[in-house]
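What follows is a set of notes on a single structure, which appears directly below.
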Amino acid sequence: MSEPERQNEQEGQVERERERVLELRAVSKSFGGLRVLSQLDLVVHDGEIVSVIGPNGAGKTTLFNLITGLYRPDAGDILLEGRSVVGLPPWKITQRGIARTFQTLRLFLNMTVRENVMAAAYGHTKATWLESMLRLPRARREEREIRRLAEEKLGFFGERLVGYRWDQPAYSLSYANRRRLEIARATATRPRVLLLDEPAAGMNPNETLEIAELIGKLRDDGGYTILVIEHDMHVVEGISDRVVALDHGVKIAEGSFDEVATSPRVVEAYLGVRGAKEEAA
Amino acid sequence: MPDEPPIERRPQESERPEYPDAAQRPRVGVDTWVAEHGERVQRGPLRRAAERVPGWARLLAFVAVAAVFPIAVDDEYLQRVGVDTLIFMLLAVGLNVVVGYAGLLDLGYIAFFGFGAYTYAIVSSDKYDYHWPAEATIPFILVVTAALGLLLGLPSRRLLGDYLAIVTLFFGQLFVTITNNSTDVKLPFMDRARDLTGGPNGITDLDPIDFAGVELNSVPRYFWFALALFVLVVVALHFVNESRTGRAWRALREDPLAAEAMTMPVNRLKLLAFAFGAAVAGVTGAIFASLQTAVFPQSFDVSLLIILYAMVILGGTGSLAGVALGAIVVNVLLEGLTNTDDTLPVVGETPPRLLFYGLVAVGLALIVRPWRWLAVAAAATIAFGFAARLVAEQWWERGTAGRPSQAGRIGDLVDGWLLFPRDPVDIGNYAFVALIASVLVLTLLRRPWRWIALAPVLYLAAFVWENRLIQEPSVTRFILLGAILVGLMASRPQGLFGTARVEIA
Amino acid sequence: MDVLALTPWDDWSIFIQLCVNGVTLGSVYALIALGYSMVYGILKMLNFAHGDVYMIGSFLGYFMLTSGLDGPMNLAVPIWLALTLVLLVAMLGAGLLGVAIERFAYRPLRNAPRIAPLISALGVSFFLQNSALLLFGANFRTYDAFTLDGGVLFTKGIFEAWGKDDAIALNLPLLNMLVIGGAIVLMILLTLLVARTRLGKAMRATAFDREAAAMMGINPDRVIMATFFIGSALAGAAGVMVGMLFGQVYHFMGFLAGLKGFTAAVVGGIGSIPGAMLGGLLIGMIEAFSTGYLPEGSKFQDFYVFILLIAVMLFRPTGLLGRADIAKV
């Protein structure tokens with residue numbers, strides 16, 4: 001590669017890095033008297049993997065619910081590709097390009113694995129019910145397309161979710177496979193940003209490693225920008241370009257994993273004040 | 001640019017430790033047989049055989065059999081039962097869209113049926129002197145009931161399931177109230193009070209449907225018309241259910257929140273389901289009105305709603321074939337239980353008796369395991385009966401003074417075995433209450449006592465049936481239906497032909 | 001029928017009369033609504049059979065009152081004792097019926113799909129209605145409670161002092177006062193029970209989180225049973241009161257009353273006890289006032305109540321006194 005070419009590519013890289021795909025500006029939310037998030041600023045750049053960490057009750061899942069429109073922020077703004085999504089219904093936000101998984105797993109349990117993924121393609125298909133009822137060409141074509149799309153998305157997980165499993169009801173899947181299916185379902189909405197809520201929760205060490213590997217692959221092969229909540233620090237260390245630590249709804253640290261992990265405020269949040277002192281000693 | 005950290009691409013080779021004996025281990029996916037085993041157990045062999053037949057073939061077979069029904073059965077009463085059954089089947093598949101697909105508890109569904117019927121009555125009778133052609137009336141009704149469905153669905157945009165139930169139930173009641181009371185109404189925009197709906201006397205002398213040159217002037221013609229409509233509706237609903245819309249409905253039923261997070265406009269889809277159900281009910285109402293040649297408010301009360309729910313639930317919500325079958329089973333059962341006039345040729349007995357004892361026998365066969373206990377219970381019941389009869393002949397003269405109120409082979413059989421008191425109404429009423437109590441207690445008893453108590457309870461059931469219930473068949477059938485619904489929910493909430501669903505609260 | 005009066009200031013005696021009717025009816029609806037609300041609070045299910053428990057309660061009242069008569073509407077015991085006893089026995093009977101319904105129709109369905117108990121409830125309702133039809137016949141059973149014991153329940157007296165001016169001639173039976181008073185006493189007792197007793201505490205805990213309550217040593221089955229007993233007993237009391245007020249009972253009366261009670265619970269905020277009372281009162285008042293002041297109100301009372309329901313659902317979906325749950329994701 002010649003010098004100018006490299007230069008060019010680097011510049012391109014910088015351009016891409018600059019794009020702020022998701023941006024939160026001074027977002028606050030309280031329930032009753034309880035402030036769950038206050039004045040939170042967060043920027044996620046194109047192609048980044050950002051992890052959100054923090055003790056239970058720090059406001060991580062609330063953050064996701066705000067971004068995806070399940071809750072409305074009391075103050076502040078949330079921008080996707082520079083456009084505000086505040087006030088849009090959740091389905092519209094997902095259509096715009098933010099898809100999520102759920103910490104508590106909310107699959108369509110009695111639908112088949114394939115149908116779970118196909119259902120999520122609703123937002124980018126157009127056939128009306130009348131076209132479907134009459135089996136007009138567009139309805140048939142779209143149906144073929146999303147079928148292929150679903151199989152492709154499921155195929156992403158290698159041998160885990162292929163073959164006979166496609167036609168099994170989702171409830172028959174193992175816990176780890178349900179988590180994988182949730183990710184497949186989220187990607188079928190054709191998102192720009194993926195929000196993963198504790199993707200490794202309840203998995204054994206082997207599966208956890210696999211998930212960590214998968215998240216990297218989602219970014220590199222799938223091209224998604226990823227915001228992930230995770231408790232397992234090995235996973236966080238392994239995948240994150242950047243880590244954001246929350247405590248009581250406030251951002252207490254941000255930076256590379258090492259910076260955040262050694263930040264005294266983070267240690268304090270996790271271990272308490274005394275614990276932090278002992279750690280320091 | 002201090003706040004924009006550089007992106008560092010990570011190596012992606014697998015860090016997963018390999019098992020040392022990886023080559024020998026079974027590959028993922030070999031547990032196919034195990035995974036499918038669950039399904040094999042859930043569905044019986046008959047069910048699986050039926051499912052191997054493609055849907056269109058099943059529909060075709062049904063149509064082939066049904067189409068010759070009015071020719072093969074040359075009896076106006078039975079033909080009429082056939083048309084009624086088709087009307088119920090149409091209503092059931094329509095309700096299935098709302099309840100089965102989208103999972104919305106719509107308790108105002110009958111109002112759409114009534115609305116369609118009244119709309120037909122208004123535009124095709126002397127009441128307002130409109131006589132629209134059916135080619136215009138039926139699409140018109142389709143559209144206006146769908147619009148009404150949308151309107152009623154509007155509050156559901158913000159309502160959760162239970163609130164929706166109350167709004168729709170009230171709406172259904174409102175329909176009856178309004179049609180019943182709009183006899184002498186002066187609304188603000190009217191110059192004088194008018195009779196809008198005929199009140200309890202309804203609207204009569206409706207035109208028969210005259211569709212595309214074919215006048216529906218006989219019951220068989222109505223049958224074929226309803227059958228054609230049924231096929232049309234089933235095919236249309238099947239296609240919609242297989243499409244993105246149908247998938248979205250099912251997703252919404254499973255988890256509305258997740259559906260909304262997965263790009264599905266939940267409120268719009270709910271409204272659509274409401275409109276679909278309403279449109280089917282409305283058109284069915286038009287057929288019903290024209291078949292009856294009259295409409296009355298009391299045809300659309302809450303009893304019909306419960307019957308319809310019984311059909312949909314019994315059949316298994318969500319499956320078109322299931323709810324249609326449910327409609328057939330329930331309607332034939334309800335008709336059979338009231339038909340005390342005809343004696344069936346071969347068995348020499350009236351349908352109500354056969355159905356009652358048949359239901360008891362089937363119920364027992366489902367509950368009692370192993371089946372040899374059934375024989376023991378039967379023998380014990382027979383013995384108990386003769387013993388009771390002997391005792392009564394000695395000490396309770398009145399108890400044996402009566403006779404079975406209806407002839408028939410079973411009637412002859414039980415004559416010397418059951419007690420038949422003189423003036424059985426009061427005794428029958430007390431025995432009925434005792435029967436309810438003893439059946440409930442029976443479900444609480446432990447093993448040996450349950451079998452011991454079974455014989456007297458069965459005897460009591462026969463006593464109540466022969467002395468009291470058989471005289472009020474039109475009430476009895478609803479009592480039985482209510483009891484069946486409760487029993488079914490406790491034992492098989494997915495219905496007779498439905499598949500069990502998994503729900504995580 | 002023409003409209004009675006267009007506005008309250010046309011005739012104040014009508015206004016007061018309607019108020020009394022509204023409060024009477026409203027307190028009955030409130031009693032029914034309480035049962036719905038309590039059961040919903042604890043099981044999160046709509047007990048469609050509740051209205052039929054009320055119907056059975058009013059039949060119990062009818063049979064006791066008419067069988068205790070000696071001669072032309074003369075009771076064998078003092079009237080205050082008779083009424084108290086009738087009320088208590090009807091409450092006991094309705095309460096036991098409610099417990100039986102819970103035990104046999106709902107308890108087996110604790111972990112079933114959400115729609116199952118609703119369908120079961122519809123089945124129970126249908127069963128009870130038609131059983132009553134079989135046992136008691138299709139005709140209305142009528143009696144005139146106002147003539148009981150020489151007509152003491154029809155004393156006009158309470159507002160007579162105020163009614164010197166003939167424009168305010170009120171028809172204000174003692175019976176209405178008794179119904180209102182009885183309902184208030186029952187509601188106070190219920191409030192005290194829920195707020196002060198161990199059972200009340202257990203009920204609140206179970207309503208909040210059944211599993212957590214079970215782990216804290218509360219037997220949820222027993223609490224649910226008690227809830228059903230209390231709720232159904234209140235419905236039974238309402239049944240007796242309505243039977244006496246309108247002088248007629250019939251097998252289908254539970255449906256409409258149940259629907260109204262249900263609406264009252266939803267309007268007030270389902271799960272909330274003061275909400276049920278407020279909702280009942282509101283609906284009673286609307287029904288009464290619609291007969292007086294709204295176009296065709298005597299025929300379309302239901303319509304106006306429905307408008308109220310829709311309005312509340314649209315603008316305050318959790319009911320007037322209900323609290324919004326935060327969706328947990």
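Below, chain A is the first sequence line, B the second, and so on; all start at residue 1.
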*Can you tell me how far CG of B/Leu257 sits from OG1 of A/Thr68, rounded to the nearest 0.5 angstrom?*
8.5 Å
*Does the pair B/Arg247/A/Glu143 count as a salt bridge with the N-to-O cut at 4.0 Å?*
yes
_A/Arg138 atom CZ, over 12 foreign heavy atoms within 6.0 Å_ = yes
_Contact leader toward chain B among A/Thr128, A/Thr125, A/Asn116, where contacts are heavy-atom pairs under 4.5 Å_ = A/Thr125
*asked:* What part of A/Ile146 gets within 4.5 angstrom of chain B, counting heavy atoms only: side chain, backbone, both, or neither?
replied: side chain
*Could you have a look at B/Ala251, B/Ala261, B/Ala259, B/Ala236 and say which one has the most heavy-atom pairs with chain A under 4.5 angstrom?*
B/Ala251
*Identify which of B/Val240, B/Val266, B/Leu252, B/Asn241 forms the greatest number of heavy-atom pairs closer than 4.5 Å to chain A.*
B/Val240
*So, for B/Leu269 and A/Tyr122, which heavy atoms are closest and what is the spacing to 0.1 Å?*
CD2-OH, 3.6 Å
_Engaged part of B/Leu237 at the chain A interface, taking heavy atoms whose separation is under 4.5 Å_ = neither
*If only atom types and distance count, is the side chain of B/Glu254 paired as donor or acceptor with the main-chain N or O of A/Asn110 below 3.5 Å?*
yes
*Could you tell me whether a side-chain N or O of B/Thr263 sits under 3.5 Å from a main-chain N or O of A/Thr94, the two making a donor and an acceptor?*
no
*Might you point out which heavy atoms bring B/Ala258 and A/Phe108 nearest each other, and give the distance in Å?*
CB-CE2, 3.9 Å
*Using atom types as modelled and distance alone, determine if a side-chain donor or acceptor of A/Arg135 lies under 3.5 Å from a backbone N or O of B/Phe239.*
no
*asked:* With a 4.5 angstrom heavy-atom cut-off, is it the side chain or the backbone of A/Ala120 that approaches chain B, or both, or neither?
replied: both
*asked:* Quick check on the interface: out of A/Gln95, A/Arg185, A/Glu254, who has the most heavy-atom pairs with chain B under 4.5 Å?
replied: A/Arg185
*Would you please test B/Met264 and A/Trp91 for side chain to side chain contact (heavy atoms under 4.5 Å, CB included) and show each step?*
CA-CA 6 Å; B/Met264 285 164 256; A/Trp91 59 272; 5.6 Å; no
*Can you measure from CZ (A/Arg140) to OG (B/Ser243) and round to the nearest 0.5 angstrom?*
13.5 Å
*asked:* Return the CE to OG1 distance between A/Met133 and B/Thr245, rounded to the nearest 0.5 Å.
replied: 9.0 Å
*Can you tell me how far CE of B/Met262 sits from CD of A/Glu182, rounded to the nearest 0.5 angstrom?*
6.5 Å
_Residue, of A/Ala99, A/Gly123, A/Ala121, A/Pro191, that accumulates the most heavy atom pairs under 4.5 Å with chain B_ = A/Gly123
